[in-house]
Each structure stands twice: as C-alpha cells, then as structure tokens.
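A quick write-up on the structure given underneath.
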Amino acid sequence: MFRSHTCGELRIEHVGANVILSGWVNRRRDHGPLIFIDLRDRYGVTQIVFDQSAASQAHAGASEVRSEYVLQVQGQVVHRTPETVNPDIPTGTIEVQASVITIFNASRTPPLYISKDGGEEESLRLKYRYLDLRRQRMQENMHLRHRAVKYIRDFLDTEGFLEIETPILMKSTPEGARDYLVPSRVHPGQFYALPQSPQQLKQLLMVAGYDRYFQIARCFRDEDQRADRQPEFTQLDLEMSFVDQEDILNLIETLFTQLVTTLTPDKQVPTPFPRLTYTEAINRYGSDKPDIRYGLELVDVSDVLANTPFQVFQNALAQGGQIKGLCVPGGGQYSRKQLDELVLVAQSAGAKGLAWLALANEANTAPRSSFARFVSEEAIATLIARYGAQPGDLVLLVADTATVVANTLSRLRQEFASRLNLADPSVLAFAWVLDFPLVDWNADERRWDSVHHPFTAPQEDDIALMDTDPGKVRARAYDLILNGYELGGGSIRIHQRALQQQAFALLNIDAETAQAQFGHMLEAFEYGAPPHGGIALGIDRLIMLLNNESTIREVMAFPKTQQAADLMMDAPSPVDEKQLHDLHITLRKKK
RNA sequence: CGGGGCGUGGUGUAGAGGCCUAACAUGCAACCCUGUCAAGGUUGAGAUCGCGGGUUCGAAUCCCGUCGUCCCCGCCA
C-alpha cells in the first residue's frame, strides 16, 4: 500500500491513527535532532516530524531528503500543542510523527520554486511545465477547468444533448483561418486539414437527425498568437434543430449563469445578460466585444463641431468621417506630458492625433485645450454638456473615419479603465451582441466576405437586400462577450439549398467552386435538412476569466509559445528523410 | 509582416564605458541547533553578463546583426 490517506486529509479526528502518506517534499526544516518535512500532494500539505530520539533511522533518512524528493512516510497522527498549530493550512491542527521513511525518488534542485508562485521567465515555466503544474495556482486552474467542463457535460446531458466526436483529420477549405495541414501518405500530393471548428460536421449531424449535439472540441488555427489565442484550443461546440435564436441564447445564458453560481460563487453575474446590437456596440464602445463593467461611453459630437475652422475636424467630416470622444473623470489634472502620451496611445491605435479638453477643478477657470481656440465658447459649453463633464474631467476627441474613431476610442477606453481601476474583478459581465452584418466588403480582394461564416442565415426581413445592398443585410448571428473578450458566437444556419447557393453567389464563390468545396453540404440540404442553429464558445477563455488569469496559457496544461513552439517537447522539429519520402514531400531549399 | 519590452550564478534582480577580480536576495553544499511552518546561525561553492561581429587603450554597459521569449498591430470565416 502506497498511502492510507492523502496529504490534505488528516484532521483532529485522526489523532492516534497509524497512517501512510506519499508525496513530494514541499519544504524541509532541519533543526538537527528534529526535522520537519511538509509533504505535499495535490490534495494538500501535511507536516511530518522526524525525532532523532524517537525514531533514529527515519530521522537519518529525513536528513538526506531535499526539496521535491518523492517519499512515503509511516507514522502516527498526533495533536499539535496549541502554540504550534498552523492555522494557515487545513491540516494544521495535527502532524504525523514519522516512524518509517521510504525515499521513492530523489530530485535535482528544481529550476522553479514549486512552493512559491511566479516571477520567473514564462519560457522557463513552459520548458519545465511538469514542475510548473505542481504549483498550487496551476493545480487550481486545472481543477476549475475540469469542474467547468464536467458541469457543462452534465448540464447538456440533462438537457438531452448527445456528445458526439468528429474527425480531427478533415478537409481544407480556403475560407477562414489558415489551416494546419497533414500530408496524406496514401494519396500523394493531397492533404488533410485539422479542424478550425467542427462547423460543417455538426450541421450534417442535424441533417442526420441528432437534434441536440455538443462536443468539447479541440480546434486548430494556424494564425499568430495572442494572450487569448493559441494554435490549438478548446470549444464548447453545440448545435440544435428546430430552434430559433432565442432558444439558443436562453440555453447558454442558463448554463453559464448556473455554472458560475455553482463553481465560482464569489463572482457576480448580472442577469439577464444585456443585449446589444452590433451597431449599438460599435457606436457606444467602439468595439464589438466591449467590456461593459464600466462606462466611458463614446459620444458623437460631429454636429457640434461641424462648423469650426479647425482643419482636423473639417477634413474628417468632409471625408465622411466623424468626431467622437469620451470623458475621463478626474483626467483634467493630466500634465501636458501625460496628455502627449495619450496622443501616442491614440496614434498607435491608428488615429492621426487626439484632441483634448482638460477642465479645471474650479468651475470658473478656463479649460486647457488643444483645440478650444478654434471653437466658439458656445460650442465648448455644448461639448461639456454633451459629455456630462464635471470640473476636473478630461474630454478626448478623435476625428477620423468611423473605423479609426472606433478603434482609437476603444483602445483609450481600455487604457483608462486600467489606469482608473474601473473594471470590477469580481464581476463577470456577460452580454450578447446581436444583428451582426452578414457580410463586409473586402477592399483588397474587391468582394464581400462572410462576417461569421458562409452558412449563416440572413434575417428574413433582409433577404431581399442580398441582391441590392449586401452590406445592409443583418445575419441571424450572435456573439457572447465577457469582460471585453469574445467568448464565442453562433448563428442560425441556412438549411435550404437555394438560399445557400444565393449566399455562395454573394460571396463570389462560383457554382463550380461551391460544388468542389461544399458539394456535400449542398447535397445534404436536398435530403431533408431541418432548420437548425448553434454556437461555439471558448473554454480556455472562459476558465481564464473565471479565475482572473491574464492569458489562456495559464489554464492550459501544455500551451505553446507565441511562435507556436512547445518548449518542453521541442516541437515542431525536423523529421527523417524516410518520413518525408513516405509522404511524397521534398523540402524546398532555403533561399 | 511591423512596433515595443525583456535576456547577468539554479531562480529573481542590481550594475548603464574604467569603481566589476560582477553585487544583493533566494536556492544549493557543509557544519551547529529539539517546535519550526518563508525556521535560525556560521562557512563555502556557483556567472567568460543569450549568441556573433564592431567601436574603444578598456564593453555586462555603446553600435550593428542574430536567436529566444512576452505584449500589441496586421491576421484570427
């Protein structure tokens, strides 16, 4: 027997029991004739005492032991005297008087401090991930992730969903993200693609009559990484037949509300989830995934400044742009240098500049401003009123195209939320973003691209616009956002061949190409495809936000670096010539 | 693809032309110590300062290049 109890288990009621514990040496405190060892496993830490006078052989063994050695200890559970109780750990009222020690394995001096958290280069953590994962923080993240996924499975099972696996070796399509490709040995010159999502297969499962499907699906996208993006990640993927948008929104809202309430009860979830249209999100926040835990909303003042001689404003409006801004409470005290730094922030987001109006703390003192001298006092007063600016506030304006204005002010909004600590870390602010456009204009390729994907249904009222004004067509699509992150999105799908072909035509996918790439979908729609729709949600991002982590790497056991490398296994790596030969691959010479 | 940050004993940092024969903390090693829980004390070992080139009488420090890693832009239907 390796152990009778875990290292997190023993309490007062076990006093007197003879126990066996196995685990890692968290810390050793050597007092000579008396040695304390904190023995650790994933359930907790228990203090073991080695007394030379009581068990000399065990004591001798303990003096050989170092951090991260793996041990088994036999001994008796004893009370700690009141003054030696450790209130910081659950097992702190007892300790184990060791009589026998067995050293299963020694350990080199670890490059990470297991019992402390963080500080070192992340690349070191990734190289020694198996040590990093021993740390309490990572164990808690993995544990929460497990419980969240289990909660989702149980919930959807109760709701009648079937979990069905779909292939990892799939077909490449030119739409969307860059594919990870897998060469075929059997079919020279041909390739599988790893799934970016199981999109088509789940729709085909609807055609097959599995009217409530879900999957905890691994997805792969060969694009550059971010703090919230990894080359492979996990989605809750689900699809339902005979439902409308409302059914899906309600299902997910119930799932996440209950999940958070159960698993992270210290978090507040405002319900019902607020709903924004895409247009409203852009207008009010400059982003289709705003963090709505704080205000700093954008206000359009194009009309107020339309007739001012300031060239910057004039030019923007003349070119069909707009003038919008936001009000920073208490920002009126910013120094000229600090304001100049804000201009740089705005420029890094794409704006040519940033106009500012800094109100003095005293109501009667004239404001400082980069543009007031071009603008009438009356207009300034209107501006202040429009923003509800108080003495001591700062109004920032961007004049440019709608896109640049939105991007810049969204960035500034985040900047000030961070500086002023406006985002409450105990709040999970879910929200739905609805009525996305079906397509947007790709100026480079001179064609319409799907905003969501080519199978997204247009809204009934807008179908006629597909021929006349495609940019105005709203999709039956929805995103779920959380604290400024896109948690996921979905749509009601097209289930009729004719409409699907119309959609392909709009996307400039000719009949031949459509047949080659999506023929199976078109054909399936001819065999009784039910109305259906679904959603896909990022599990990694969800767990990250539940535990207030700042990157999804913290909630993945073995993540990759920004260059998509695995530092522990040293992947990717070259392969044998024989393997390449079998796959009919010749490497191009380096230039 | 572009912008920015970081790279110095095992780990985290300091040093910003000569005070560097590289400092501090922690870890590591040895010894002392019977109530610690970040134990304490004494002593000691451990770094050609990511790599390559250049400037200079002299480079951890300045310049160029390169590699790794992180953040952001593009990209991510």
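In what follows, chains carry the letters A, B, and so on, assigned in the order in which the sequence lines appear, proteins first and then strands, with residues in each chain numbered from 1.
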**Study point:** Salt bridge A:Asp566-A:Lys560, side-chain N to carboxylate O under 4.0 Å
**Key:** no
**Study point:** Close side-chain approach of A:Asp291 to A:Gln414, heavy-atom, < 4.5 Å
**Key:** no
**Study point:** Presence of salt bridge, A:Glu232 and A:Arg221, under 4.0 angstrom
**Key:** no
**Study point:** A:Arg66 charged N/C atom sitting above A:Tyr69 aromatic ring, 6.0 Å / 45°
**Key:** no
Practice item. Tell whether A:Arg226 reaches the base of B:G74 with its side chain through a donor-acceptor pair below 3.5 angstrom. Key: yes
Check your understanding: Charged N to carboxylate O below 4.0 Å: is that the case for A:Arg40 and A:Asp38?
Key -> no
Practice item. Select one nucleotide: of B:G35, B:C73, B:C76, the one nearest the side-chain heavy atoms of A:Arg80. Key: B:G35
Review point. Which nucleotide, in any strand shown, forms a Watson-Crick or G-U wobble pair with B:G65, with both distances under 3.5 Å?
Key: B:C51
Review point. Please give, in whole Å, the distance from B:C75 C1' to A:Glu175 CD?
Key: 15 Å
Point to revise | Side-chain donor/acceptor of A:Arg229 to base of B:C75, under 3.5 Å | key: yes
Practice item. Could you check which of B:C70, B:G35, B:U69 has an atom nearest any side-chain atom of A:Leu567? Key: B:U69
Check your understanding: Does any residue of residues 53-62 of chain A have a heavy atom under 4.0 Å from RNA chain B, and if so, which ones, in number order?
Key -> A:Ser53
Exercise for review: Please give the nucleotide sitting opposite B:U42 as a Watson-Crick or G-U wobble pair, both distances under 3.5 Å, or none.
Suggested key: B:A30
Check your understanding: Hey, does A:Gln200 reach any base, or is it just sugar-phosphate, or nothing, if we go heavy atoms under 4.0 Å?
Key -> nothing
Practice item. Answer yes or no: is there a side-chain heavy-atom contact under 4.5 Å between A:Ile48 and A:Phe36? Key: no
Polar atom pairs between nucleotides 6-11 of chain B and protein, under 3.5 Å, N or O only, would you list them?
from: B:G10; atom 1: N2; to: A:Tyr113; atom 2: OH; distance (Å): 2.2

Review point. Rounded to the nearest Å, what distance is computed from the CZ atom of residue A:Phe50 to the P atom of nucleotide B:U36?
Key: 18 Å
Practice item. Check whether any side-chain nitrogen or oxygen of A:Gln47 sits under 4.0 Å from OP1 or OP2 of B:U36, and answer yes or no. Key: no
Review point. Does a side-chain N or O from A:Arg541 land closer than 4.0 Å to OP1 or OP2 of B:C76, or not?
Key: no
Review point. Touch check for A:Gln562, heavy atoms < 4.0 angstrom, all strands: base, sugar-phosphate only, or nothing?
Key: base
Review point. Can you check whether A:Phe455 and A:Phe518 have ring centres sitting under 6.0 Å from each other?
Key: yes
**Study point:** A:Asp224 side chain, from C-beta outward: closest of B:G35, B:C71, B:G74
**Key:** B:G74
Check your understanding: Under a 4.0 Å N-O cut-off, is there an ion pair linking A:Glu486 with A:Arg229?
Key -> no
What pairs of nitrogen or oxygen atoms, one from the protein and one from nucleotides 38-43 of chain B, lie under 3.5 Å apart?
from: B:A38; atom 1: O3'; to: A:Arg27; atom 2: NE; distance (Å): 3.3
from: B:A39; atom 1: OP1; to: A:Arg27; atom 2: NE; distance (Å): 3.4
from: B:A39; atom 1: OP2; to: A:Arg27; atom 2: NE; distance (Å): 3.2
from: B:A39; atom 1: OP2; to: A:Arg29; atom 2: NH1; distance (Å): 3.4
from: B:A39; atom 1: N6; to: A:Asp30; atom 2: O; distance (Å): 2.9

Check your understanding: Rounded to the nearest Å, what distance is computed from the CG atom of residue A:Leu412 to the C1' atom of nucleotide B:C72?
Key -> 15 Å
Review point. If you measure from the Lys or Arg side-chain nitrogens to the Asp or Glu carboxylate oxygens, is any gap between A:Arg129 and A:Asp132 under 4.0 Å?
Key: yes
Practice item. Take the protein atom NZ of A:Lys560 and the nucleotide atom C1' of B:G68, then report the distance between them rounded to whole Å. Key: 18 Å
Review point. Once you round it to whole Å, what is the distance between C1' of B:A29 and CZ of A:Arg66?
Key: 8 Å
Practice item. Counting Watson-Crick and G-U wobble pairs only, both distances under 3.5 Å, name the nucleotide matched with B:G18, or none. Key: B:C57
Review point. Would a distance-only check, ignoring hydrogens and angles, find a side-chain to backbone donor-acceptor pair under 3.5 Å from A:Asp41 to A:Gly44?
Key: yes
Point to revise | Out of B:U69, B:U36, B:C71, whichever nucleotide has its closest atom nearest the side chain of A:Ala565 | key: B:U69
Review point. Starting at CZ of A:Arg178 and ending at C1' of B:C1, how long is that distance when rounded to a whole Å?
Key: 11 Å
Exercise for review: Determine whether A:Arg137 and A:Glu549 make a side-chain contact, defined as any pair of heavy atoms from C-beta on separated by less than 4.5 Å.
Suggested key: yes
Review point. Counting any heavy atom closer than 4.0 Å, what does A:Arg553 reach on the DNA or RNA strands: base, sugar-phosphate only, or nothing?
Key: sugar-phosphate
